[in-house]
Amino acid sequence: MMIRQDPLRDLMTAHMPAKVQGAVGAALCALFLLAALAACSAMEGAAVIALTGAVCVGMLLYGAWSTMKDEPVITLLCAALLCMLAVGAHLSMLEIRPGYMTKVLTPMLDDMWNYELVTAAAWEEGAWSGVHLFIMALVSRLENFPQMTALKLLELVCQCGAALAVLQLAKLRGAKPFGAAAAMMACVLAPTMLLNTGCWMQMDALFAMLTLWGLYLLLEDHPLAGCMLWGLALGTKLQSAFLFPLLIVMFMNRKVSLRHILALAAVYVVSQIAFVMDGQGVLPIFTRYAQQLEAVRTGDVGLSDHAPGVFGLMIVASVREFSGMGLYFGIACMLLVVFALLMRRYDKQSMLLAALLLAMGLPLILPQMNERSLYLAGLLAFALAGSPQGIAAAIVLELISLCSYMKGIFNMDILPIQVLSLMAIAAAVVVALELVKRLKQTEAADGSEA
């Protein structure tokens with residue numbers, strides 16, 4: 001019996017050489033550029049928008065195709081379409097003007113424009129971090145390009161950078177090519193990631209990108225570069241410090257030295273140097289985040305602002321009565337994670353599980369958390385979604401964050417805060433049990449080899 005040949009099927013099931021992949025990828029990015037130019041033709045700065053979108057597609061495409069380079073053509077093309085869809089979804093939200101932009105950022109940018117760049121970068125109102133202020137000061141100088149669009153495009157590039165870091169972390173834990181690429185896609189396609197970039201505009205993607213790449217470099221034995229990125233992340237947002245307890249473990253195991261930690265501190269100081277240049281002295285460099293916490297404490301908020309956690313289970317929660325308890329409890333839980341890692345032999349996957357536990361557990365315990373407090377945990381959960389428990393934790397975290405976002409952005413209650421809090425605590429317990437299990441397996445494997 002003669003078998004009919006099908007050239008199209010043969011082409012789709014063939015394997016693409018590396019050079020051909022590069023040429024096809026460049027062609028797909030150019031195609032996306034033309035499509036974005038046509039779709040955004042009525043928007044101000046359409047060329048910059050389209051070019052930025054094409055660069056982001058290229059970033060995601062490189063990550064996906066370099067990971068799945070041995071897959072057939074049809075798989076690579078599907079991955080390319082997903083990359084284009086993800087970037088296109090983000091670009092479609094550029095014209096959404098959130099209330100935060102109107103009420104907070106626009107007046108701030110207008111005021112900054114009246115001052116010199118250094119003075120604007122050392123803005124005293126609001127206790128903003130140094131890196132955030134420097135970016136806002138630069139954006140305030142834009143006259144021929146929409147400032148809101150510039151901020152959203154920056155967030156998009158950082159979101160793609162964070163997704164590439166998640167891809168590398170997933171590969172570090174031993175994920176298969178498809179699983180690693182799927183984790184990367186989830187970081188740009190998940191509803192919370194779209195809403196965060198399109199509506200919040202608070203540099204969450206920037207601090208997460210720096211934190212995740214720093215974690216990857218530290219685990220890959222590049223302590224200086226990793227610590228420097230963590231110093232820059234700390235200069236962007238205080239939440240990056242959730243992972244800093246891992247430095248204690250690495251220091252005690254000679255993976256990180258004192259000079260690396262000093263480099264972290266030096267980069268943080270340099271990122272806040274505008275305060276000194278503006279004549280405010282050295283003190284604001286070290287008290288900026290204390291001012292933020294004090295502003296939150298004395299503001300019109302409770303122990304949690306639409307954020308799930310132990311305080312979400314309280315009908316009445318007073319900052320004055322319970323904030324100290326939350327802080328001490330958070331420090332105790334952090335030290336328990338450090339103690340567990342020091343007492344047992346650990347591998348890279350154990351460190352990733354510990355990072356996820358810190359990123360999702362501390363916001364559930366510490367006071368004055370907001371809707372975006374689980375943002376970093378969500379990204380790490382995608383990187384570790386390689387088992388049924390990991391996938392379940394990632395889905396639960398995404399659902400919890402989405403419900404919190406809907407409350408914070410649209411004032412829409414999807415699930416009661418008590419239910420969300422119980423779900424978040426249960427997910428943290430699952431991750432903690434996974435960490436204990438992994439530590440026992442690692443020690444048993446080392447014992448059998450000995």
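What you see below is based on every heavy atom in this structure, not just the backbone, and it leaves out hydrogens, waters and symmetry mates. Throughout, residue positions are numbered sequentially from 1 according to the sequence presented.
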Measure from NZ or CZ of Arg372 to the centre of the six-membered ring of Trp200 and say whether it is under 6.0 Å with the direction within 45° of the ring axis.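 Arg372 over Trp200 ring: yes.
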Between the main-chain N or O of [Y] and the side-chain N or O of [X], is there a donor-acceptor pair closer than 3.5 Å?
X      : Y      : value
Thr236 : Leu232 : yes
Tyr346 : Thr442 : no
His260 : Ser257 : yes
Ser401 : Glu398 : no
Gln349 : Arg438 : no
Thr287 : Ala290 : no
Asn253 : Val249 : yes
Lys152 : Gly198 : yes
Gln21  : Met16  : yes
Arg288 : Trp128 : yes

Taking all non-hydrogen atoms of both residues into account, name the closest pair between [X] and [Y] and its distance.
X      : Y      : value
Leu357 : Ala428 : CD1-O, 3.6 Å
Phe32  : Met84  : CE1-O, 3.6 Å
Gln159 : Cys187 : NE2-O, 2.9 Å
Pro363 : Phe242 : CG-CE1, 3.5 Å
Gly312 : Ile417 : O-CG2, 3.7 Å
Trp230 : Thr211 : NE1-O, 2.8 Å

Could you list the donor-acceptor pairs under 3.5 angstrom formed by side chains in residues 174-186, with sequence neighbours left out?
none

Could you please spell out the steps behind the side-chain contact (heavy atoms from CB on, under 4.5 Å) verdict for His90 and Glu155? CA-CA 10 Å; His90 282 271; Glu155 283 285 286; over 6 Å; no
Counting neighbours of [atom1] on [X] that are heavy atoms of other residues, nucleotides or ligands and sit closer than 6.0 Å, is the number greater than 12?
X      : atom1 : result
Met252 : CE    : no
Glu95  : CD    : no
Tyr289 : OH    : yes
Phe339 : CZ    : no
Phe134 : CZ    : no

Is any side-chain heavy atom of [Y] closer than 4.5 Å to one of [X]?
X      : Y      : answer
Met369 : Phe311 : no
Gln202 : Tyr100 : yes
Met108 : Leu133 : yes
Leu219 : Tyr216 : no
Leu210 : Ser240 : no
Leu376 : Leu212 : yes
Leu76  : Lys69  : no
Ile49  : Leu37  : no

Measure the [atom1]-[atom2] distance between [X] and [Y] for me, rounded to the nearest 0.5 Å.
X      : Y      : atom1 : atom2 : result
Gln147 : Met101 : CD    : CE    : 6.0 Å
Leu335 : Leu342 : CG    : CG    : 10.0 Å
Leu153 : Thr52  : CG    : OG1   : 4.5 Å
Leu415 : Ile400 : CG    : CD1   : 9.5 Å

Verify the distance criterion only: is there a donor paired with an acceptor across the side chains of Asp347 and Ser350 at less than 3.5 Å?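 Result is yes, a qualifying pair exists.
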If only side-chain N and O atoms count, and only distance matters, is there a donor-acceptor pair under 3.5 Å linking Gln239 with Tyr375?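 Note: Tyr375 and Gln239 side chains miss the donor-acceptor criterion.
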Before you tell me yes or no, could you show the steps for Leu234 and Phe207 under side-chain contact (heavy atoms from CB on, under 4.5 Å), namely the whole-Å CA-CA distance, both residues' side-chain angles and the distance that decides it to 0.1 Å? CA-CA 8 Å; Leu234 181 61; Phe207 105 86; over 6 Å; no
side-chain hydrogen bond (donor to acceptor under 3.5 Å, both in side chains) assessment of Ser129 paired with His132: CA-CA 5 Å; Ser129 64; His132 200 164; 4.6 Å; no
Pick out which of Leu264, Ile261, Leu358 makes a side-chain contact (heavy atoms from CB on, under 4.5 Å) with Phe244.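 By the side-chain contact (heavy atoms from CB on, under 4.5 Å) criterion, Phe244 pairs with just one of Leu264, Ile261, Leu358: Leu264.
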Would you sort out whether Leu33 and Val57 count as a side-chain contact (heavy atoms from CB on, under 4.5 Å), showing the intermediate values? CA-CA 9 Å; Leu33 175 64; Val57 169; over 6 Å; no
